[in-house]
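Quick notes on the structure that follows.
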Protein chains: 2
Amino acid sequence: MATVSRVLNGSEKVSAATRQRVLQAIEQLQYTPNASAKALRSRRTTLLGVVIPAVSSIYYLELLKGIENTAIESDYNLIICDAQNSSLREIEYMKLLSSRRVDGFIIINTLMPEEEVAGLARRGFPFVLIGRVVKSANVSSIVVANRSGAAQAVEHLIRHGYKRIAYIRGMFHPDDEERFATYRKVLAEHGLSFDPQLVERGHFTEEGGAQALQRLLQKTEFSAVFAANDEMAIGAMEKARQLGIRVPEDLAIVGFDNIRLARHVVPGLTTVDMPKYQLGAMAAKKLLETLGNEHIVYERVVLKTELVVRQSCGCG
Amino acid sequence: MATVSRVLNGSEKVSAATRQRVLQAIEQLQYTPNASAKALRSRRTTLLGVVIPAVSSIYYLELLKGIENTAIESDYNLIICDAQNSSLREIEYMKLLSSRRVDGFIIINTLMPEEEVAGLARRGFPFVLIGRVVKSANVSSIVVANRSGAAQAVEHLIRHGYKRIAYIRGMFHPDDEERFATYRKVLAEHGLSFDPQLVERGHFTEEGGAQALQRLLQKTEFSAVFAANDEMAIGAMEKARQLGIRVPEDLAIVGFDNIRLARHVVPGLTTVDMPKYQLGAMAAKKLLETLGNEHIVYERVVLKTELVVRQSCGCG
DNA sequence: GCCTTCTGTGATATCGATTACACCAGAATC
DNA sequence: GATTCTGGTGTAATCGATATCACAGAAGGC
C-alpha cells in the first residue's frame, strides 16, 4: 500500500492519525520491508561490492574495516569477494556483482589488465580503485605515496652508511614497480650504481622473501635488504636467522606496509607505514560521493606514508 | 521474456535454434539478469549474512575465508557486518539483514543474550552459530573443544612441574567460562588447590593481558600463566619483558587460538591451536545444507583442538 | 453559496524475472 | 481425413515497494 511506503520513507504528507495506525500495524505484523522489491523499483540496492585479491592477508583487514565503517554510516552494506589472487576470478566477480546491481564497486589492488578496467569505466560502472592507477580511463584511485615511502626507506639506509642494498621485489604489481623505480632513483641520486645482481623477486609472502634472500646470498654480497612488503621482509629475516646471519649487525632489513607483525618480530622490523584504515575509508567516501552526484569528479588521492624506525635496520 | 528465462535456467524445453538466437541476443545487448527481480520472484537472494563482533581481529580472517570459500562454491555471496563488539549493533544488523532477505545467517561469537538468539530461532530464521551454544533453542552450532583444549594446556604445564598457575580470563564470554571451568577442574584433578588470587580478567586484547599480568604480580607469586587467548598471552609476555621477567625461565606462558603472531613472537608462544578455517567452512556447509532441505537437523559440531608446544612454556 | 486550492488517501502502473497456462503447428494415431 | 498428442513458444499473473495520478473532502476566497 502506498501509505505504508509514505510512512516509512520520511512522510511527505501523512496525517498523524494514519501514521500511528500504520506503525501499529507494522509492529503487530512484524512487517519487514523487502529490500529486493525496493531495489527493483528504485534501482538502488544500497550495496557496495568489494573485490579483494585474497582475504587471507592481514594487510586487508584494516582496509576492510575502513570501508565497512564508512559505508555503514550511509546505510550501505558490503558484499565481499575474495578473488584468491586470480584476475580471472576478479572479472567473474565483477560480473556477479553487476548482476546483483550493486550501486558501486571498490576494487583493491586489482591484477586486472588495464584494458579490462578501462572497459568497466566505459560501461559506466561507478567504482573506485585502491592501490592502482589506470591512466587511460576515467577512474578515481586511492593510493599510497609509494615513491616517497620507498625513498624514505632507502635514504634512511644510505644515510646510515649502507652502500650495497639489495631489493626484494614482489610479483608484477604496480606498487612494486613504483617502489623499485624509486629504489633505483634514490641510489643514483646518492652516487651509488645499480647492480642487477642485487634484485630478486618473491610472491609477496614470507616464503617468497626467504627464498629471494637465499638466491641473493648465493649471487653476491650486501649489507642491507629493502623488501617490497613486510611479509617478504619478515621471511628474509627468518631465513637470515636460520643461516646464522645476525640482523641487524650482519644484515639490515627494511620492509613496507607496517603490518601488525612488524612490531612483534625480533628484532622489530623497520618499515614504511601505510595508512590502511584511511585508504579504505577514503575509497568508500569517494565512491559514496560519486553515487549521489550527477556530475562526477574523478581524482587520484595519494596518502602519505611514514618511516617507522625499529631495530632491524640497526639505526635505531 | 519467458524463453530467455528458460534458456538461462537450465533449459526445460527450448529448441537448439531459439537457444542460439537468445544467447546471441544476450551477447549483443550485454544483457545481465537482475538479481533483485529474480530474488523478488523466487524468494531467494543467494546471499548469506555474516555478523562478526569486530573485523579488526585477525582471528576472524581465517574464519571468514572458510565461510567465503564454501559459500561461493554454491554461488552464494556474503554480506559482512561488523558489530564492533556491541550486541545492540548485532541486533540492528540482524534486522537489516532480514530486510535484505538473506537466505541465512552465520553469527560469530555472538554477545547477544540467549533470549534474543532463541527469538530468532522461533521466528524461523535459518542460521548457524559459531563459537556459541544456546541450549534453549533449536540452533546449530559449530564450536571448538574448549574443554579439551584448555585441559591440554593446563595439563601440559602441570606435567612439567608448574604448581602455581595463574589464569588470565577474558570478558564474560562462553568460551572463557568453559576454559576457566576446565582450568579449575584440571587443577583439582591433580590435587592442586584453586587460588582466586591467581585469576585476573582482560579484554581479550594485548593491552588487557599486559594489565592483567601486572595486577597478578602485585597480588601473589606464580611460575606460569595460562591466558584465555593469544592476544592476552602476548600482551602478558611483553609486559614481562618490560619488567625484566624472563620467559620462560622465570615465567611460563601459554595461550589459546594459535593466531599467526604466536609463531613469531620471541619466545614462540605455546598455545592451543583452533581450526579456524574449518570452523568457518563447517558453519557455511551446515547452513547451506539446511537451506536446501525441508527437514532440518539441528546439531552441535565440536572441532578438535591441538596443543602447539613452542618455547614460551619452557617445556620444548 | 459557488468555485478554487489544498491535503491526504486509495487505485494503478511499474521495475524484471519466473511460472502457470494457453495456444499452435506438425507429428502420430485410428 | 479427423482426432489426439506433443514439443515449443508467447501471454499474463505474480513477487513487494514506489511513484504517479485521480479523487474525495476540507478549507479558504470572492
Side-chain angles (χ1 to χ4, degrees), chain A residues 1-47 49 74-77 79 95-104 123-126 291-292 294, chain B residues 1-47 49 74-77 79 95-104 123-126 291-292 294:
Chain A
M1 203 214 254
T3 308
V4 178
S5 176
R6 279 188 274 256
V7 170
L8 288 176
N9 304 14
S11 55
E12 307 153 43
K13 295 168 176 186
V14 192
S15 74
T18 37
R19 161 173 292 113
Q20 269 310 314
R21 277 192 301 135
V22 169
L23 289 176
Q24 204 172 339
I26 285 175
E27 185 66 26
Q28 267 184 21
L29 302 171
Q30 296 230 329
Y31 164 84
T32 316
N34 183 320
S36 296
K38 182 167 182 163
L40 178 59
R41 181 67 237 247
S42 65
R43 298 163 165 289
R44 283 185 61 218
T45 51
T46 57
L47 282 173
S74 307
D75 289 321
Y76 275 79
N77 279 118
I79 295 188
K95 286 204 189 114
L96 212 143
L97 289 173
S98 69
S99 175
R100 288 206 184 274
R101 299 290 191 273
V102 296
D103 294 337
R123 291 171 65 190
F125 285 116
L291 292 184
E294 195 63 26
Chain B
M1 203 215 257
T3 308
V4 177
S5 175
R6 279 188 273 256
V7 170
L8 288 175
N9 305 13
S11 54
E12 308 154 41
K13 294 166 176 186
V14 191
S15 74
T18 37
R19 160 172 293 114
Q20 270 311 312
R21 277 192 302 133
V22 169
L23 289 176
Q24 203 170 340
I26 284 175
E27 184 67 25
Q28 267 184 22
L29 302 171
Q30 295 231 329
Y31 164 84
T32 316
N34 183 319
S36 296
K38 182 167 182 163
L40 178 59
R41 181 69 236 249
S42 65
R43 297 161 165 290
R44 282 184 63 218
T45 51
T46 57
L47 282 174
S74 306
D75 289 321
Y76 275 79
N77 279 119
I79 295 188
K95 286 205 189 113
L96 211 144
L97 289 172
S98 69
S99 175
R100 290 206 183 273
R101 299 288 191 276
V102 295
D103 294 338
R123 291 171 65 190
F125 285 116
L291 293 184
E294 196 63 25

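Residue numbering restarts at 1 for every chain, and letters A, B, ... go by the order of the sequence lines.
Taking a 4.0 Å limit (strictly below) on heavy-atom distances, residues 28-43 of chain A reaches DNA chain C at A/Leu40, A/Arg41, A/Arg43.
Put simply, CZ on A/Arg44 is 11 Å from P on D/dT18, counting in whole angstrom units.
Using modelled atom types and a 3.5 Å distance limit, the side chains of A/Thr3 and A/Arg21 yield no donor-acceptor pair.
Put simply, the side chain of B/Arg6 and the base of D/dG10 share a donor and an acceptor less than 3.5 Å apart. With hydrogens and angles ignored, no donor-acceptor pair closer than 3.5 Å exists between the side chain of A/Arg19 and the base of C/dG8.
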Could you give the side-chain donor-acceptor pairs of residues 27-38 of chain A under 3.5 Å, partners two or more places apart or in another chain?
from, atom 1, to, atom 2, distance (Å)
A/Gln30, OE1, B/Arg123, NE, 3.0
A/Gln30, OE1, B/Arg123, NH2, 3.3
A/Asn34, OD1, A/Ser36, N, 2.7
A/Asn34, OD1, A/Ala37, N, 3.1

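B/Asp103 places a side-chain N or O within 3.5 Å of a backbone atom of B/Thr45 that can act as its donor or acceptor partner.
Taking CG from A/Asn77 and CG from B/Leu96, the interatomic distance works out to 5.0 Å, rounded to the nearest 0.5 Å.
Between A/Leu47 and A/Arg100, the closest side-chain pair of non-hydrogen atoms is not below 4.5 Å.
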